[in-house]
Amino acid sequence: MQSNFKPPKPIRGGIPLCFPQFSNLGPLESHGFARNRFWAVDTDPPPFPTPTYSKAFVDLILKPSEEDIKIWPHSYEFRLRVALGPGGDLMLTSRIRNTNTDGKPFTFTFAYHTYFSVSDISEVRVEGLETLDYLDNLKNRERFTEQGDAITFESEVDKIYLSTPTKIAILDHEKKRTFVIRKDGLPDAVVWNPWDKKAKAMADFGDDEYKHMLCVEAAAIEKPITLKPGEEWKGRLELSAVPSSYCSGQLDPQRVLQSS
Ligand SMILES: O=P(O)(O)OC[C@H]1O[C@H](O)[C@H](O)[C@@H](O)[C@@H]1O
């Protein structure tokens, strides 16, 4: 990606964490400030309710700075565990705790803004979102229902799918590779590709890069999360890449979604 790697701009690509606000759904900068902050290594995280079986992981923590508190007047601990499975699976667990001492709850929206690399966006299908309701970001977030078959791409897409299943698959026909997204605590899924015009308008995005990327973002947007002091929220994302032997017309979507 033709990203800008100099702070305070967010890096385009990878998995930016949108917190405490998704997109412009509130008064903060787009996608909140968490993606623009430096995190610290969390040397002594509280135990996980579900243990991480992988031994390859790092625990990170983000707490608000004095400047952050001026723009979002809340105290929190955002703990992130990044774990790698033996087969290369990536597991991200976010735990966000309200540590306000003034007794006040806070409310946030959240997304793992995952960028996937694909061979050719015109050949890609997303399975698991068909027939669901979505809010169309390109039409003032009006609500529509997805029709028919798996989702394919031939123009700009920016949709928030609602009440999505815990498993979504991105089938890359040309690479014969399927990305499987598993998620927990994250009911929504944003699907974004800026296509040609918007790609050209973005300074940190190459004119043709839209052809080789797709964002499918596990998120909690429609129903914002509210935490009282002492309460904690957890959102988990698991990504794996599996070989797929997709040949036009031979794919049984149920098999892809149920396998592995
Ligand atoms: O350019 P950014 O602030 O990183 O946002 C990139 C994109 O993120 C999400 O996918 C939103 O739904 C899009 O509306 C937005 O354009």
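Both ligands and their constituent atoms are indexed starting at 1 by order of listing. Computed from heavy atoms alone, side chains included, the values below leave out hydrogens, waters and symmetry copies.
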Parallel, tilted or perpendicular: rings of F19 and Y76 (30°, 60°): perpendicular
Y134 and T145: side chain donor to acceptor below 3.5 Å: no
Side-chain donor-acceptor contact under 3.5 Å, N100 with S75: no
Donor-acceptor contact present, side-chain D172 to main-chain V124, <3.5 Å: no
Exercise: do T164 and K183 side chains pair donor with acceptor under 3.5 Å: yes
Show the distances, to 0.1 Å, for all pairs joining an N/O atom of ligand 1 and a protein N/O atom that are shorter than 3.5 Å, listing one pair per line.
from: ligand 1; atom 1: 1 (O); to: R12; atom 2: NH1; distance (Å): 3.4
from: ligand 1; atom 1: 1 (O); to: R12; atom 2: NH2; distance (Å): 2.9
from: ligand 1; atom 1: 3 (O); to: S30; atom 2: OG; distance (Å): 3.2
from: ligand 1; atom 1: 3 (O); to: R35; atom 2: NH2; distance (Å): 2.9
from: ligand 1; atom 1: 4 (O); to: R12; atom 2: NH1; distance (Å): 3.3
from: ligand 1; atom 1: 4 (O); to: R35; atom 2: NH1; distance (Å): 2.8
from: ligand 1; atom 1: 5 (O); to: H31; atom 2: NE2; distance (Å): 3.2
from: ligand 1; atom 1: 8 (O); to: H31; atom 2: NE2; distance (Å): 2.9
from: ligand 1; atom 1: 8 (O); to: H113; atom 2: NE2; distance (Å): 2.7
from: ligand 1; atom 1: 10 (O); to: H113; atom 2: NE2; distance (Å): 3.4
from: ligand 1; atom 1: 10 (O); to: E217; atom 2: OE2; distance (Å): 2.7
from: ligand 1; atom 1: 12 (O); to: N137; atom 2: ND2; distance (Å): 3.3
from: ligand 1; atom 1: 12 (O); to: D158; atom 2: OD1; distance (Å): 2.7
from: ligand 1; atom 1: 14 (O); to: D158; atom 2: OD2; distance (Å): 2.4

All pairs passing side-chain hydrogen bond (donor to acceptor under 3.5 Å, both in side chains) where residues 151-160 contributes a residue, at least two apart: N137-D158, E146-K159, E156-K198
